[in-house]
K.L.:
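Questions regarding the structure given below will be posed in turn.
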Amino acid sequence: MKKLIFKLSGVLIIFAMMISIFAGCAGSVVENPEAATVKTDLRDAYFTFSYGDLRKVLPGDKLASLFESTNKKTDDKTVTLSYYEICTKFDGEDLEGVLSLITDEEKAAFIGNQVPVLNYFNDLINDIKKTGKANVAYDENFWITHDSRVVFKDLKGNELEDQDKFRAAFKLYADKSLQNIDSYLLYRGQDEATQTGADLKNEIYPFGEDYASKLTLDDLYASIKENIYPVYSSLVPSQEHALDENGDNAKDEDGEYIFVNTDYTRTIIINVKGERDSVEKAFTIRDTDEILKEFECASAYMDVNSVEINFEPCKITATINAVSDQIAYCTYEKNMIVTANLTFKGPLSEYGNVLVTFPCTSSITYSFGWETEE
């Protein structure tokens with residue numbers, strides 16, 4: 001009887017071990033990354049380029065980076081890029097070369113959804129400002145562009161001689177004065193972000209208004225020569241390797257890795273005309289008293305008696321989670337041409353009052369935080 005009990009015990013132990021082994025196998029089932037889907041279809045256009053075409057217009061290092069995950073680099077292999085990716089990856093001759101591969105028909109299709117894209121942005125940003133669904137942090141910057149557009153004139157409008165000397169002095173004084181510009185700029189860091197549900201009327205452009213954007217296509221700017229489109233959307237997926245039954249990176253029949261799109265980021269670029277009526281539909285325009293106050297930090301180098309502001313084309317760049325339709329970041333670049341009546345102090349004080357025209361940019365980036373859905 002003891003032997004029988006022993007044998008039965010041995011069988012039970014072996015059976016238990018087998019259950020344990022099978023249970024272990026069940027627990028190690030390979031789980032592939034979960035594929036994401038885009039919440040709102042804006043008919044985003046992509047551009048597909050072959051390796052053979054790109055190697056005619058790109059240097060070897062940039063070509064290699066585009067096809068770094070491709071095993072067999074033959075001329076018929078392709079890569080798909082959004083317009084935003086093209087413009088951020090390349091510049092100069094490289095950018096011109098890649099853009100030359102895009103047909104007019106493809107470009108037309110690319111900007112064929114301008115109204116839906118603009119309405120989509122307007123709806124999202126206006127909803128945030130109206131409801132306070134997201135908390136908000138922001139950071140503002142200001143700079144002067146010191147180039148040939150900085151021009152000095154006398155009070156009759158005649159250009160002064162020795163423009164280079166004036167520009168050098170102006171840059172010196174402007175750079176010194178801008179060292180203290182932070183005290184005049186807006187800043188709310190992530191640790192100071194507004195609470196969800198807060199009143200955002202005076203937090204998001206245009207300050208003091210119930211809306212964030214009233215832009216229409218008539219307010220937007222385009223330049224074919226500079227490849228600037230009024231408004232466009234670029235959709236870029238975040239990818240992870242698909243896995244095979246062993247949990248290794250899966251490959252197709254050609255030995256190329258297989259990827260799963262696990263997230264999508266949408267970038268929307270909106271180019272606004274440099275006209276006051278258009279700019280004020282999405283930007284805050286400060287009055288001259290506020291601007292003169294900002295120039296107080298330059299009082300040791302120059303007296304600014306009056307200013308006149310005109311606008312150049314401005315730009316809004318929104319980065320959006322396309323799976324949830326939630327804006328992550330939004331940058332407003334307000335480009336201005338300022339004409340100031342000023343009186344130099346120091347080495348150029350002998351010239352008395354002069355008029356100086358210079359380009360400058362005020363840029364503010366909003367960061368939006370969203371509560372995690374349970």
K.L.:
Are the aromatic rings of Y51 and F67 close, with centres under 6.0 Å apart?
P.N.:
yes
K.L.:
Is it the case that N305 and T343 place a side-chain donor and acceptor less than 3.5 Å from each other?
P.N.:
yes
K.L.:
Going by side-chain hydrogen bond (donor to acceptor under 3.5 Å, both in side chains), name the residues that satisfy it together with K201, two or more places apart in sequence or in a different chain.
P.N.:
none
K.L.:
For a quick check under 3.5 Å, do S50 and T78 share a side-chain donor-acceptor pair by atom type?
P.N.:
no
K.L.:
Got a sec, which hydrophobics cluster with L355, joining ILVMFWY side chains under 4.5 Å apart, including via others?
P.N.:
L155
K.L.:
Just jot down the salt bridge (Lys or Arg N to Asp or Glu O under 4.0 Å) partners of D154, sequence neighbours excluded, or say none.
P.N.:
none
K.L.:
Should the ring pair Y366 and Y205 be called parallel, tilted or perpendicular, given that the plane angle runs from 0 to 90° and is split at 30 and 60?
P.N.:
perpendicular
K.L.:
Write out all pairs satisfying salt bridge (charged side-chain N to carboxylate O under 4.0 Å, His left out) with one or both partners inside residues 116-138, taking only residues at least two apart or from two chains.
P.N.:
D127-K133
K.L.:
Using links of under 4.5 Å between side-chain heavy atoms of ILVMFWY residues, direct or through other members, which residues join F259 in one cluster?
P.N.:
Y257
K.L.:
Would you say I270 and V117 are hydrophobically clustered, going by side-chain heavy atoms of ILVMFWY under 4.5 Å?
P.N.:
yes
K.L.:
Using the test salt bridge (Lys or Arg N to Asp or Glu O under 4.0 Å), find all partners of E85 that sit at least two apart in sequence or belong to another chain.
P.N.:
none
K.L.:
Just to verify, what does N310 make a side chain to side chain contact (heavy atoms under 4.5 Å, CB included) with, not counting sequence neighbours?
P.N.:
E308
K.L.:
Are T194 and E203 linked by a side-chain donor-acceptor pair shorter than 3.5 Å?
P.N.:
no
K.L.:
With sequence neighbours left out, which residue pairs that include part of residues 93-115 fulfil the ring-ring contact (aromatic ring centres under 6.0 Å, His included) condition?
P.N.:
F47-F110, Y83-F110, F110-Y229, F110-Y232
K.L.:
Sort and list the pairs that fulfil salt bridge (charged side-chain N to carboxylate O under 4.0 Å, His left out) and have at least one residue in residues 64-82, not counting sequence neighbours.
P.N.:
R55-D75, K77-E256
K.L.:
With sequence neighbours excluded, what pairs up with E106 under the salt bridge (Lys or Arg N to Asp or Glu O under 4.0 Å) test?
P.N.:
none
K.L.:
For K281, what residues pass the salt bridge (Lys or Arg N to Asp or Glu O under 4.0 Å) criterion, not counting sequence neighbours?
P.N.:
D219
K.L.:
Under 4.5 Å side-chain heavy-atom separation, chaining through any Ile, Leu, Val, Met, Phe, Trp or Tyr, what else clusters with V323? Say none if it is isolated.
P.N.:
V38, Y46, L235, Y264
K.L.:
Any donor-acceptor pair under 3.5 Å linking the side-chain atoms of S363 with those of N141?
P.N.:
no
K.L.:
Establish, from distance only, whether the side-chain atoms of S306 and N341 form a donor-acceptor pair under 3.5 Å.
P.N.:
no
